[in-house]
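When a residue number appears, it is its place in the shown sequence, counting from 1. Heavy atoms only: backbone and side chains are in, while hydrogens, waters and symmetry mates are out. Counting starts at 1 for both ligands and their atoms, following the listed order.
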Amino acid sequence: MNEQSRMMRRRVLRSLVAGGVAAATSAWTDVVHAVDAITLPFENGLRPLTTEFPQKGEMLLLRSRPPLLETPFQVFDEGVFTPNDRFFVRWHLASIPAQVDARTFRLRVHGAVARELDLGIADVMRDFKRVEMAAVNQCAGNSRGFFKPRVAGGEWGNGAMGNALWTGVRLRDILERAGVKAGAVQVRFNGLDEGVIPATPDFIKSLSLDHARDGEVMVAFGMNGDPLPLLNGFPLRLIVPGWYSTYWVKMLNDIEVIDTPDQNFWMAKAYQIPDTPYASVSPQETAVKTVSINRMVPRSFFTNVSDGSTIDVAKPHTVRGIAFGGDKGVREVRFSSDNGATWASARLGPDSGKYSFRRWQAHFAPSKAGQYTLKVKAINDDGVAQPDTPNWNPGGYMRNVVEAITVVAA
Ligand SMILES: Nc1nc2c(c(=O)[nH]1)N[C@H]1C(S)=C(S)[C@@H](COP(=O)(O)O)O[C@H]1N2
Ligand SMILES: [Mo]
């Protein structure tokens with residue numbers, strides 16, 4: 001019943017992994033390292049497992065530079081918080097500092113403010129009230145590999161997400177210290193990373209002034225009780241609870257209050273979704289009105305059974321998993337063992353806060369040998385439920401559907 005045993009872990013040749021189909025004709029000298037790999041359940045789903053990144057344990061490798069590292073899914077069965085050394089990693093630009101000196105690092109606050117601030121880490125930690133919040137960090141493209149028809153982009157499985165207890169200070173308090181001037185409309189955030197060539201637009205994201213001052217958006221220095229790992233944004237990153245992680249700017253060293261809406265590439269052109277329910281369109285549709293991606297939607301997953309698991313027909317089972325409500329708490333998780341014909345409420349684990357993962361479990365006693373399609377559906381505190389059919393959009397964003405797996409009772 002264990003996810004790990006179902007992952008078809010196997011030894012493959014690194015040149016095969018790196019070179020894809022070209023590997024068959026690659027030089028013999030390329031065939032040097034054998035590495036473990038996992039096959040995700042979609043086309044071209046072979047992913048090597050790597051332990052070669054600093055402060056990271058075993059991760060699925062999608063790309064080395066800039067790094068895209070996915071959390072192996074069985075990690076989510078181990079607890080409600082995702083360990084720092086297994087937390088997924090995503091960077092857009094290839095020039096990322098290999099180390100950051102916390103003693104000399106500065107966070108600048110400028111733009112439409114009464115007083116510019118130039119803060120060291122010690123200032124941030126000492127001068128503002130410390131706050132803590134559990135929140136899910138999920139890439140907008142999480143689960144993109146499941147899109148049908150397929151779309152371009154990082155072909156993630158379901159592991160481009162994680163839940164952590166973030167420690168830091170309120171962005172509102174920092175902005176208050178700087179004194180936002182009348183007429184300001186947005187706050188924009190930049191980190192230490194940049195493109196290799198000047199023509200690459202720097203990765204910069206903005207939030208409305210009201211959102212930035214909602215008292216929930218944080219500048220974090222702690223993750224699950226430790227400093228942030230370098231690849232997750234050491235020494236400071238933005239936390240935007242309930243919103244997709246494209247806004248959670250890492251290695252944050254620049255906050256600018258602006259008085260006209262941000263038109264930079266990463267706001268105006270990238271991360272646009274159809275302005276439709278579940279950001280869904282049919283693949284034939286064109287000229288759909290788009291908006292910048294924003295709030296997350298509820299999701300739920302199985303963590304101790306997966307598609308194709310064989311289970312003992314003679315025994316009752318506890319099926320379990322994780323859920324989250326998106327921008328709201330989890331109201332209910334429903335479980336079905338008959339392909340959605342009947343549903344029962346799952347038992348929810350302890351509540352770590354409305355933006356956190358929440359564990360769930362349900363009882364399943366197969367009445368006879370055979371195949372069972374198990375489904376799980378999350379409903380959030382606004383009554384928003386996961387859809388029965390998957391959404392689709394050309395960017396491969398916001399994948400959402402009631403999860404279904406088939407197990408064999410024998
Ligand atoms: N400075 C910086 N911050 C960034 C990004 C980036 O490329 N540069 N990518 C964003 C995106 S799209 C994602 S999914 C998250 C990933 O966070 P993680 O690497 O800590 O998991 O970082 C966000 N913050
Ligand atoms: Mo992302």
Side-chain angles (χ1 to χ4, degrees), residues 53-57 59-71 75-76 81-97 100 105 107 135-145 151-166 168 188-196 200-207 217-224 226-241 243-255 264-267 269-273 292-294 296 395-399:
F53 287 81
Q55 301 170 285
K56 291 287 158 184
M59 300 294 287
L60 276 66
L61 180 68
L62 271 76
R63 187 179 69 196
S64 302
R65 189 163 186 257
L68 292 182
L69 308 176
E70 174 166 347
T71 302
V75 171
F76 300 112
F81 291 107
T82 315
N84 292 0
D85 66 344
R86 311 303 295 282
F87 209 98
F88 88 100
V89 170
R90 196 267 191 265
W91 292 87
H92 291 82
L93 310 177
S95 180
I96 305 164
V100 177
F105 178 89
L107 169 65
V136 173
N137 173 27
Q138 181 184 213
C139 180
N142 190 26
S143 319
R144 182 181 285 119
V151 292
E155 303 296 337
W156 300 105
N158 291 326
M161 62 175 187
N163 184 41
L165 185 63
W166 308 97
R188 74 188 224 166
F189 307 92
N190 195 359
L192 290 174
D193 53 328
E194 49 191 30
V196 176
T200 309
D202 198 5
F203 186 78
I204 302 174
K205 297 296 287 191
S206 295
L207 297 175
V217 176
M218 283 168 68
V219 173
F221 45 78
M223 179 172 172
N224 293 323
D226 284 313
L228 301 166
L230 183 84
L231 291 172
N232 298 108
F234 181 85
L236 298 176
R237 84 174 303 171
L238 200 68
I239 304 300
V240 189
W243 282 47
Y244 285 97
S245 57
T246 178
Y247 295 97
W248 299 38
V249 174
K250 300 189 281 188
M251 293 187 183
L252 174 68
N253 72 330
D254 191 286
I255 298 177
N264 103 77
F265 173 83
W266 296 102
M267 286 300 293
K269 298 273 190 317
Y271 288 100
Q272 297 295 305
I273 54 165
S292 293
I293 195 160
N294 49 84
M296 295 197 291
Y397 295 129
M398 294 178 69
R399 161 84 179 181

J.: Could I get the full list of side chain to side chain donor-acceptor pair (under 3.5 Å) partners for Thr82, not counting sequence neighbours?
T.: none
J.: Please check if the side chain of Trp248 supplies one atom and the backbone of Arg237 the other of a donor-acceptor pair under 3.5 Å.
T.: no
J.: Which residue holds the protein heavy atom closest to atom 24 (N) of ligand 1, what is that atom called, and what is the gap in Å?
T.: Trp248 O, 3.0 Å
J.: Which distance, rounded to the nearest 0.5 Å, do you find between the OH of Tyr247 and the OG of Ser292?
T.: 4.5 Å
J.: Tell me the closest heavy-atom pair linking Leu228 and Trp166, and the distance in Å.
T.: CD2-CZ3, 3.9 Å
J.: Without swapping roles, check the side chain of Gln138 against the backbone of Ala160 for a donor-acceptor pair under 3.5 Å.
T.: no
J.: For atom 5 (C) of ligand 1, what is the closest protein heavy atom, and at what distance to 0.1 Å?
T.: Phe203 CE2, 3.5 Å
J.: Can you tell me how far apart NZ (Lys205) and CZ (Phe189) are? Round to the nearest 0.5 Å.
T.: 11.5 Å
J.: Starting from atom 14 (S) of ligand 1, find the nearest protein heavy-atom neighbour and note its residue, name and distance.
T.: Ser245 OG, 2.9 Å
J.: Give, for atom CE of Met59 and atom CG of Asp85, the distance between the pair rounded to the nearest 0.5 Å.
T.: 8.5 Å
J.: Measure Arg237 to ligand 1 on non-hydrogen atoms and call it side chain, backbone, both or neither using the 4.0 Å cut-off.
T.: side chain
J.: With heavy atoms only and a cut-off of under 4.0 Å, state how Tyr271 meets ligand 1: side chain, backbone, both or neither.
T.: side chain
J.: Is the closest N or O pair between Asn232 and ligand 1 shorter than 3.5 Å?
T.: yes
J.: Pull out every atom of ligand 1 sitting under 4.0 Å from any heavy atom of Asp193, numbered as shown with elements.
T.: 1 (N), 2 (C), 6 (C), 7 (O), 8 (N)
J.: Among all protein non-hydrogen atoms, which one is nearest to atom 3 (N) of ligand 1, and what is the separation to 0.1 Å?
T.: Lys250 N, 2.9 Å
J.: Check each atom of ligand 1 against the heavy atoms of Cys139 and keep those under 4.0 Å away; list them by number with element.
T.: 14 (S)
J.: Within the 4.0 Å heavy-atom shell around Asn137, which atoms of ligand 1 are there?
T.: 17 (O), 18 (P), 20 (O), 21 (O)
J.: Quick one: does any side-chain atom of Asn224 pair with a main-chain N or O of Leu165 as donor and acceptor, under 3.5 Å?
T.: yes
J.: Evaluate Phe88 for polar contact with ligand 1, using N/O atom pairs at a separation under 3.5 Å.
T.: yes
